[in-house]
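Side chains included, hydrogens not; waters and symmetry mates left out as well; all remaining heavy atoms used.
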Amino acid sequence: MTEKVMNLPSPSIYEVIEHNLDPNLKLPREFSLRAHRRSPGEKLVYADGFMEGNLTGPDPGEETSQELLEILEKLRDKQFGEALKALNAFFDEDKELMNPLVGMVHEFIGQQDQAVVGDLIYFAKHLLVETDRIELVKFALTLLEYYPSEYDMEVGRQILDLAQCNEFTLFALRNMVQWDDSQEMIFELIQHVYGWGRIFAMEVLDPEPAEVQHWMLEQGWDNDVNPEYTALMIATDVKLDEVLRQAEKISEAAFRGASVLVEGLLQDEPIPGISEWPDPLGLLNHYLEQALERKLSWKEYQTIWHVVQFGEQHKDQPGMTGLVTKGGKLLTTFACAEVVIKAMEQGEGFELARALELPYHPAAEKLVREDPLGNVELLSYALTTDQLHNQELTGLYEKALPLEALAAGRVQPGGDELELELAYMQLAMVVGQLYGFPGVGEDLVHAALHCGNALCQEVAQQVEEQWHDLGWSHQLCN
C-alpha cells in the first residue's frame, strides 16, 4: 500500500474494506460500511450508496461552493496540510455530500496545467487510502478521474477494492469507464455488488454481449435495494418479449428471472415499468404461455395473480379478458393450492392465499403463537371474527412488549436506547396489523397513543380513525 503521509486516524476506510475482503478478494454481500461505522446510540443507518441513490441522484451535480473552491486553491498552491484540515471540516459528518459538487471539481481541474493536476493526483492517491471520512474517499476518486489509474497497478487495485463497497461504486465507475478494458472490469464488478452499486453499474454496463444478456436475465435483477429499479432496463436490454415468445420452453433459471422482471414491471413504481412497455398484453400473454405445464413457485403464482389483476384493471382494452381467463386457470389448479399452502408453513404467501380464498388462518395462528414478534406481519391473517380468539392472540403481544417501559420512555434494566427504539417499532408494527378489526388489541392501541413515540402515535391514530369509520364508538385518547 502507498506509504502513509497524512497522519490521519486509523483504521482508514480503505483499511476497513481491505480487512473485510474474503480470500478471493471479494467483499461479502452483507458488508455495509455505514453499519460497520455505526456509532453507539445512532438510531438510523443509511444503506451504502443511499445518498446518491435517493438524495442527490447518480448524475454528477453542478452545485458550487466557495468554501470548496478555496480548498481546491490551497491544493493548487501545495498547501496540503491546510487543505486536508479544511476538507475534514467541510465534509464533517456528511454535512456536505460530494456528488452535487463533482461538476465544480471537474471544472476547476480542467483549468489547471499539468503540473498542478499532478499535485492534485499525488494528494488524491494518499487521501484515497488514508482518510476515515466517506465523502473524502469520494473526493479522492473524483480527482483520480484525471489519472490513468489503469496503468498504476496499486491505485487500480485500490479503486477496484473500493468499487465493491456500494458506498463508492458510483465514484469508482467514473474512473473505470475510462479504462481500455472497462466493460470487462465492470461486468466482473457487477457480479459481486448487490446494493446500490449494482444499480449504478447496470447504467454503464454494455448489454450487447450474449454472456452479459444471459447473466442479466438470470441474475442481474437480484439487488438488495429494489428489483423494480432495474426491471424495465433489464427487460428492455435482454429483449424479454422475444425471450418469452420462443416456441420452446425457456430454462428454469431464465423463467425465474423473467418472473422477477414481469413482477417488477407490474409494480410500475418507484419508477415506470409496464406503463412504458410497448406491448404489455403481448408480453404478459407470452409469460403465461411459458408458465403452462411448468412446476411453479409460490412467488411465480403471485406474479401470475398480479398479471390477472393487471388484466382486470384494464379490462376495457382488447384482449385483457382473455389474459384474465388464462391466468385464472393457472391459479385455480390443485398444484397452485398445494404450493401456496406449503409456502404458508414457511411464513410466506399469505396475501396470495387470501386472494385465492385458501384457508390461511390456521397457518398464520400457528406461526404467531410460536414467535409473536418474529411473525408480527402475520397477525392480521391470524385474527378472525372470534373476539376471544383475537384477545388471546393480542395478549401474546401485551406480554412480549415492555408496555410500561414504552409508556415511560425508558430503557429496561441492562438495555439501551437502540433496544427501546426497536420496541417502539415493534409496537407500531403490531398496532398496524389491527386495521379492520375494531376493538381488537385495544390496550395495545392505547399504549401506542400514549407512549410518546411519534411513529407509534401516528399508526395508532390512523387505526383508531379507521375503527371509528367502521362503527366503533369507543375513545382511546382520554
Side-chain angles (χ1 to χ4, degrees), residues 43-44 298 302 305 309 340-341 343-412 415 418-478:
K43 297 179 180 179
L44 178 64
W298 79 267
Q302 179 170 267
W305 171 45
Q309 286 183 308
V340 176
I341 289 171
M344 287 192 290
E345 294 174 359
Q346 306 302 316
E348 301 175 311
F350 282 89
E351 182 184 14
L352 179 58
R354 177 182 282 171
L356 298 180
E357 298 183 351
L358 296 173
Y360 56 84
H361 293 298
E365 180 184 349
K366 180 176 182 294
L367 292 168
V368 166
R369 289 185 181 279
E370 289 176 354
D371 185 1
L373 293 178
N375 292 308
V376 62
E377 75 282 357
L378 301 181
L379 176 59
S380 64
Y381 295 100
L383 297 174
T384 67
T385 56
D386 185 333
Q387 291 301 310
L388 290 178
H389 165 85
N390 293 344
Q391 184 177 346
E392 185 179 354
L393 289 183
T394 54
L396 298 175
Y397 292 95
E398 293 171 14
K399 294 177 181 178
L401 289 167
L403 297 183
E404 290 186 9
L406 293 177
R410 66 174 187 272
V411 297
Q412 304 217 82
L418 287 178
E419 184 178 308
L420 182 65
E421 288 299 320
L422 174 61
Y424 279 132
M425 186 176 298
Q426 290 172 327
L427 176 58
M429 292 173 65
V430 173
V431 172
Q433 291 287 304
L434 303 178
Y435 281 102
F437 296 95
V440 175
E442 186 174 335
D443 289 343
L444 290 165
V445 179
H446 185 273
L449 280 170
H450 297 276
C451 71
N453 178 269
L455 175 62
C456 288
Q457 290 175 332
E458 180 181 359
V459 174
Q461 287 169 0
Q462 292 173 353
V463 168
E464 185 181 18
E465 289 174 5
Q466 197 244 12
W467 285 2
H468 290 155
D469 290 341
L470 294 175
W472 193 68
S473 59
H474 292 206
Q475 292 292 330
L476 295 173
C477 295
N478 297 327

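- Looking at heavy atoms from C-beta onward, Leu401 lies in side-chain contact with Leu373 at the 4.5 angstrom threshold.
- Using a 4.5 Å cut-off on side-chain heavy atoms (C-beta onward), Tyr397 and Val368 make contact.
- Applying the side chain to side chain contact (heavy atoms under 4.5 Å, CB included) criterion to Asp371, with sequence neighbours excluded, gives Asn375.
- When all heavy atoms of Ala382 and Ala364 are compared, the closest pair comes out as N-CB, 3.7 Å.
- Of all non-hydrogen atoms in Leu367 and Gly347, the two that sit nearest each other are CD1-CA, 3.6 Å.
- Contact record, Ala428 with Cys456: N-SG, 3.9 Å, taken as the closest heavy-atom pair.
- Residues meeting the side-chain hydrogen bond (donor to acceptor under 3.5 Å, both in side chains) test with Trp305, sequence neighbours left out: none.
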With a 3.5 Å cut-off and sequence neighbours excluded, list the donor-acceptor pairs that the side chains of residues 436-443 form with protein atoms.
none

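- Here Thr394 contributes atom OG1 and His389 contributes atom NE2; the two are 9.5 Å apart, rounded to the nearest 0.5 Å.
- Annotation: side-chain hydrogen bond (donor to acceptor under 3.5 Å, both in side chains) contacts involving residues 451-460, sequence neighbours excluded, are absent.
- Leu383 approaches Leu393 most closely through the heavy-atom pair CD2-CD1, 4.2 Å.
- Residues meeting the side chain to side chain contact (heavy atoms under 4.5 Å, CB included) test with Gln466, sequence neighbours left out: Tyr435, Leu470.
- At distances below 3.5 Å, not a single donor-acceptor pair connects side-chain atoms of Asn390 with backbone N or O atoms of Thr385.
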- Task: Determine, step by step, whether Val459 and Val445 satisfy the side chain to side chain contact (heavy atoms under 4.5 Å, CB included) criterion, reporting the C-alpha distance in whole Å, the side-chain angles of both residues, the deciding distance to 0.1 Å, and the verdict.
- Result: CA-CA 9 Å; Val459 174; Val445 179; over 6 Å; no
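- Among residues two or more places apart in sequence or in another chain, the side-chain hydrogen bond (donor to acceptor under 3.5 Å, both in side chains) test is passed with Glu370 by Lys366.
- To the nearest 0.5 angstrom, Met425 atom CE is 7.0 Å from Leu455 atom CG.
- Applying the ring pair (Phe, Tyr, Trp, His ring centres under 6.0 Å) rule to Phe350 yields the partners Tyr381; only residues at least two apart in sequence or on another chain are considered.
- Not counting sequence neighbours, Gln426 has no partner by the side-chain hydrogen bond (donor to acceptor under 3.5 Å, both in side chains) test.
- Atoms CD and CG, on Glu464 and Asp469 in that order, are 11.0 Å from each other to the nearest 0.5 Å.
- The ring pair (Phe, Tyr, Trp, His ring centres under 6.0 Å) check on His468 picks up Trp472, with sequence neighbours excluded.
- Distance check: Arg354 CZ to Leu352 CG gives 12.0 Å after rounding to the nearest 0.5 Å.
- Residue Glu348 qualifies as enclosed at atom CD: its count of foreign heavy atoms under 6.0 Å is above 12.
- The minimum heavy-atom distance linking Pro362 with Pro359 is given by the pair CD-C, 4.4 Å.
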- Audit row: Leu422, Glu419, side chain to side chain contact (heavy atoms under 4.5 Å, CB included) steps and yes/no: CA-CA 5 Å; Leu422 174 61; Glu419 184 178 308; 5.7 Å; no
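- The CG atom of Leu379 sits 9.0 Å away from the CG atom of Leu396 when rounded to the nearest 0.5 Å.
- Evaluation of the side chain to side chain contact (heavy atoms under 4.5 Å, CB included) rule for Ala353 yields Val340, Met344, Leu358, Tyr360 as partners, not counting sequence neighbours.
- Tyr424 pairs by the side-chain hydrogen bond (donor to acceptor under 3.5 Å, both in side chains) definition with nothing, not counting sequence neighbours.
- With sequence neighbours excluded, the residues forming a salt bridge (charged side-chain N to carboxylate O under 4.0 Å, His left out) with Arg369 are Glu365, Glu392, listed by chain and number.
- Summarising the geometry, atom CD belonging to Gln433 is positioned 12.0 Å from atom CG belonging to Leu444; distances are rounded to the nearest 0.5 Å.
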